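What you see is a predicted model, and the numbers here were worked out from it, not measured in a lab. Note that the numbering runs from 1 along the sequence shown for the chain. Counting starts at 1 for both ligands and their atoms, in listed order.
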Amino acid sequence: MTVQHSPERTTAPTPSDGEVHAAVARARDAALWWGALDFTDRKGWLLEFRSRIARTSASLIDTVREETGKPKDDALLEVMLAVEHLTWAAKNARRVLRERSVHPGLVSINHAASVRYQPMGVVGVIGPWNYPVYTPMGSLAYAMAAGNAVVFKPSELTPRTGTWLADAWASLAAPHQVLQTVTGDGRVGEALCRSGVDKLAFTGSTATAKKVMAVCAETLTPIVVEGGGKDALLVDATADLEAAATFAAFGAMGNAGQTCAGVERIYVVEEVADRFVDILTSRVRDLRVGDADDAQYGRMTLPKQVDIVRDQVEDALARGGRAVVGGLESVRAPYVDPIVLLDVPEDSSAVAEETFGPTVVVNRVRDLDEGIERANASKYGLGASVFTASKAAAERAADRLRVGVVTVNSVLGFAAVGALPFGGVGDSGFGRIHGADGLREFSRVKSVTKQRFAAPLGLVTMTRKRRDVAVARLLLTKVYGR
Ligand code: NAP
C-alpha cells in the first residue's frame, strides 16, 4: 500500500536586518575560537558533526521530503552525498591548507618563501531549495573546514532543513556557534550580503546572483556564485545507447528535473537518433509521479516553476518541435509528467533557457563535434555528459566542452567525489566549491618571505652600487634574453 503524502509549506521567522547583523557578530566571536584551533581539532569537531547528521538522518530526510516534496530515497541520497563532502573537507583541510614552501627563484635566492591559507572569518551562505542539504553543504563544509564560522540563509521554501543543520551543530555543545541559520526570504539574504561577512557563497539562479553581486559590490565583499545551468548530454554514434538513455532519463527527470546540473538538452548523432529516442521514451514514459511514497519523482517545489515549464513547452511546439513523450497536458500543477521534445529550434526558450523541470529536448547532430559546438553555444556552462565508446572522442569532448564539469558515460559523475571542484563558467557562475579549490575558495592567501642572508646584489636599497646594477643588467639581457 502506498501512503499519500502532502507536502507542507513551512512558515519560519524572518529576522530583522539587526538580527542578521547580530548573528554575524556572534559568528565573528565563534570564528576567533574556531579559526585558532589546529586542523586536527577542527577535523574532530567536523567528523562529530558528520556522525551526528548521519545518526539522526531519518528526521532530516523527513524534513527535506516535507519541504521539497521529493521522494524519501532522493532525500536520503542527498544527505549521503552531503555527508561525503563534509567528511572529505574535514579530512583534507590540513593537507590542502597547511603552510607550503615555494622556491624563491634566482633573484630572491636569499629568501625563504611560503604560502599560508588562513581563515577569512565569517562566511555567509545563501542556498536554494532544490537540494537543500547537499547544495549548501558544498559551501558550509568547506568554509568550516577552512576555519571559518558560517551564517546560512536557506531558501524560504526549506527553512526547517536549514535550521536542522544548525541545530545538529548546536547539539555537539561546542563552545561557540560556528554554524548558524537565519531563515526568511530574499530580504534576509540581502541583509546577509550587507552584514560585513568576509565572503558570500551564493547558490541559486543567475538572475538572483546578479542582485547579490551588486549588493556585495558596495562593500567589495568577495563572492562565489553557483548559478543555473542548461546542461547538455551528447550521444556519439559509438555510444552504448541503453546506458545513455538510462542515465539521460535520470539526469533529466530525477528530482523532477530540478537539478542545476541536470540534463536539459540532448544532442544525439543522426545515425543512432531514432534508436536512442525509442529507448529514452521507454525509460521515461511510465515514471511514477506524485506524492505517494513509491513515486519516482514528486511535485514541482516552486509553484511558479510550473508556468516556466508550460511556456517553454508551448514555445517549442509552436516552433516546430514535436513531443514524443507527454506534452502540454503533462503540466498538471503541482506535478509535471515527463516530457520529451524532439527537433526543437536552438533559439527557442526550451533550448536556450534553464527549464528546471522534468522535460528534455533531443536534437539531432551530424557528429559529436557538432554536438560539442551546440552544447557550447549556451550562455550557461555548468556541466555536460558525453556517451561514446571512443576514448579519443571522450577526451576531445572533455577538453572542448565549455563547462565546469564533464561526465563521460554517466551523468552527474562529480557529485559524490569530494576531491573534484565544482562550479561553472559564463552564466553558471564563478569560483569553486568542493575539493582543494573549494577549501582555498574560503581561505585568505598570504605570501611570506623571510630573508635568510644578505642579498648578493644590493638592489633593494637607496644606495645601490653601480656594480650591482651592472650585474642586474647583465642578468636581464643574458639570462632572460636568451
Ligand atoms: P533563487 O531564487 O535565485 O534563490 C536562491 C537563494 O537566494 C534563496 O535562498 C533566495 O531566498 C535568495 N535570494 C533571493 N533574492 C535575494 C536577494 N535579493 N539577495 C540575497 N539573496 C536572495 O534560486 P532558487 O529558486 O532557490 O534555486 C534554483 C536555482 O538555483 C536554479 O537556477 C538552479 O540551477 C540553481 N542551483 C545551482 C546550483 C549550483 O551548484 N550551480 C545548485 C543548486 C541550484 P528565497 O528563496 O527565500 O527568496
Ion pair Arg28/Asp198, N-O distance below 4.0 Å: yes

For Ser205, the ligand 1 atoms whose distance to one of its heavy atoms is below 4.0 Å: 1 (P), 3 (O), 23 (O), 29 (C), 30 (O), 32 (O)

Distance filter under 4.0 Å to Gly189 heavy atoms, resulting ligand 1 atoms: 19 (N), 20 (C), 21 (N)

Protein heavy atom at shortest distance from atom 8 (C) of ligand 1: Gly127 O, 3.2 Å

Proximal ligand 1 atoms for Asn130, defined as those under 4.0 Å from one of its heavy atoms: 43 (C), 44 (C)

Under 4.0 Å to a heavy atom of Thr135 - the qualifying atoms of ligand 1, by number: 42 (C), 43 (C)

Test: Glu264 and Lys230 ion pair at under 4.0 Å: yes

Proximal atoms of ligand 1 relative to Glu190 (non-hydrogen, under 4.0 Å): 19 (N), 20 (C)

Proximity flag Tyr131 to ligand 1, non-hydrogen atoms under 4.0 Å: no

Salt-bridge contact Arg52-Glu48 (side-chain N to carboxylate O under 4.0 Å): no

Distance under 6.0 Å and angle within 45° of ring axis: Arg42 vs Phe39: yes

Sub-4.5 Å side-chain heavy-atom contact between Val20 and Arg194: no

Test of proximity, Thr206 against ligand 1: N or O pairs below 3.5 Å: no

Charged N-O contact under 4.0 Å between Arg322 and Asp343: yes

Pair Glu353 + Lys379: basic N to acidic O under 4.0 Å: yes

Identity and distance of the protein heavy atom lying nearest atom 27 (O) of ligand 1: Pro128 CB, 3.3 Å

Per-atom contacts, ligand 1 versus Phe422 - under 4.0 Å to a heavy atom: 39 (C), 40 (O)

Heavy-atom side-chain proximity of Val96 to Arg440 below 4.5 angstrom: yes

Contact check: Thr208 vs ligand 1, nitrogen or oxygen atoms, below 3.5 angstrom: yes

Region of Thr203 that comes within reach of ligand 1 [heavy atoms, distance under 4.0 Å]: both

Proximity winner for atom 28 (C) of ligand 1, if only heavy atoms of Phe356, Tyr380, Phe202 are counted: Phe356

Identity and distance of the protein heavy atom lying nearest atom 10 (C) of ligand 1: Lys153 NZ, 3.9 Å

Asp399/Arg396 ion pair, N-O < 4.0 Å: no

Protein heavy-atom partner closest to atom 37 (C) of ligand 1 - residue, atom, separation in Å: Gly227 O, 3.1 Å

Heavy-atom nearest neighbour in the protein, as seen from atom 36 (N) of ligand 1, with distance rounded to 0.1 Å: Cys260 CB, 3.5 Å

For atom 46 (O) of ligand 1, the protein heavy atom that lies nearest, with its residue and separation: Ser155 OG, 3.2 Å

Interatomic spacing from CZ in Phe250 to OG in Ser410 - rounded to 0.5 Å: 9.0 Å

Nearest-neighbour protein heavy atom for atom 34 (O) of ligand 1, which is reported as residue plus atom name and distance: Glu354 OE2, 2.6 Å

Stepwise side chain to side chain donor-acceptor pair (under 3.5 Å) check, Ser205 with Thr208: CA-CA 5 Å; Ser205 64; Thr208 308; 3.0 Å; yes

Where ligand 1 meets Leu382 - atom numbers and elements under 4.0 angstrom, heavy-atom basis: 41 (N)

For Gly184, the ligand 1 atoms whose distance to one of its heavy atoms is below 4.0 Å: 47 (O)

SB check Arg160 Asp62 (cutoff 4.0 Å): no

Lys/Arg cation over aromatic Phe202: Lys211, 6.0 Å, 45° cone: no

Nearest neighbour in protein (non-hydrogen) for atom 26 (O) of ligand 1: Trp129 CD1, 3.0 Å

Any Pro154 heavy atom less than 4.0 Å to ligand 1: yes

